[in-house]
Amino acid sequence: MTAQDQIKETVTDNDVVLFMKGTKSMPQCGFSSRVAGVLNFMGVEYHDINVLADDDIRQGIKDYSDWPTIPQLYVKGEFVGGCDIITEMTLSGELDTLFAENGVSFDKDAADKIREANA
């Protein structure tokens with residue numbers, strides 16, 4: 001199976017996927033840590049892929065999404081964005097809407113606390 005096939009299968013088989021440097025319990029870069037922190041705090045169940053563990057996946061995800069940086073968040077097979085986009089969506093409430101529209105469970109109170117803390 002090629003890296004592209006693996007990536008496609010992963011984003012198709014899981015509701016929420018985060019391609020990141022490190023893991024959700026041990027991020028290995030600040031940007032990955034920020035996105036994983038948001039998802040963890042909001043109680044989102046997601047599949048994490050450590051791109052540092054596989055060079056083919058690390059480059060393959062950039063080619064797959066045509067997006068040059070890591071982390072990358074996928075919801076229901078669709079690329080959502082990287083750290084800056086996820087941060088903006090969290091603060092604007094768009095991420096809540098995206099999760100709600102796609103049947104992804106999350107803690108609305110936690111999302112509100114993130115916004116309150118950053119107001």
First locate atom [atom1] of [X], then atom [atom2] of [Y], and finally report the distance between them rounded to the nearest 0.5 Å.
{"X": "N40", "Y": "S33", "atom1": "CG", "atom2": "OG", "answer": "9.0 Å"}
{"X": "L18", "Y": "L73", "atom1": "CG", "atom2": "CG", "answer": "6.0 Å"}
{"X": "I7", "Y": "T12", "atom1": "CD1", "atom2": "OG1", "answer": "11.0 Å"}
{"X": "N102", "Y": "E78", "atom1": "CG", "atom2": "CD", "answer": "8.5 Å"}

Would you say the side-chain atoms of [X] and [Y] include a donor-acceptor pair closer than 3.5 Å?
{"X": "Q59", "Y": "D63", "value": "yes"}
{"X": "T2", "Y": "D5", "value": "yes"}
{"X": "E94", "Y": "S92", "value": "yes"}
{"X": "Y46", "Y": "D15", "value": "no"}

* Asked: Between Y74 and F19, does the ring centroid distance fall short of 6.0 Å?
  -> yes
* Asked: Applying the side chain to side chain contact (heavy atoms under 4.5 Å, CB included) test to Q6, which of I57, I61, I49, V11 qualifies?
  -> I57
Would you say [atom1] of [X] has more than 12 non-hydrogen atoms from neighbouring residues, nucleotides or ligands within 6.0 angstrom?
{"X": "K8", "atom1": "NZ", "value": "no"}
{"X": "E45", "atom1": "CD", "value": "no"}
{"X": "K113", "atom1": "NZ", "value": "no"}

* **Within-4.5 Å side-chain heavy-atom neighbours: F99 and M42** => yes
* Do R34 and I86 come within less than 4.5 Å of each other through their side chains, counting heavy atoms only? -> no
* Structure fact -> Nearest heavy-atom contact between V80 and I85 is O-CG2, 3.7 Å
* Closest contact, heavy atoms only, P27 versus K24 -> CD-O, 4.0 Å
* Salt bridge check: are D54 and R58 linked by an N-O gap of less than 4.0 Å? -> no
* Using a strict 4.0 Å threshold on nitrogen-to-oxygen distance, state whether D96 and R115 make a salt bridge. => yes
* To do: Give the cluster check for V35 versus L52: same hydrophobic cluster or not, with ILVMFWY residues linked at side-chain heavy-atom distances below 4.5 Å.
  => no
* To do: Using the rule that two of Ile, Leu, Val, Met, Phe, Trp, Tyr join whenever any of their side-chain heavy atoms come within less than 4.5 Å, decide whether F31 and F41 are in one cluster.
  => no
Can any side-chain N or O of [X] pair as donor or acceptor with the backbone N or O of [Y] at less than 3.5 Å?
{"X": "N14", "Y": "V16", "result": "no"}
{"X": "Q72", "Y": "F79", "result": "no"}
{"X": "S32", "Y": "K21", "result": "yes"}

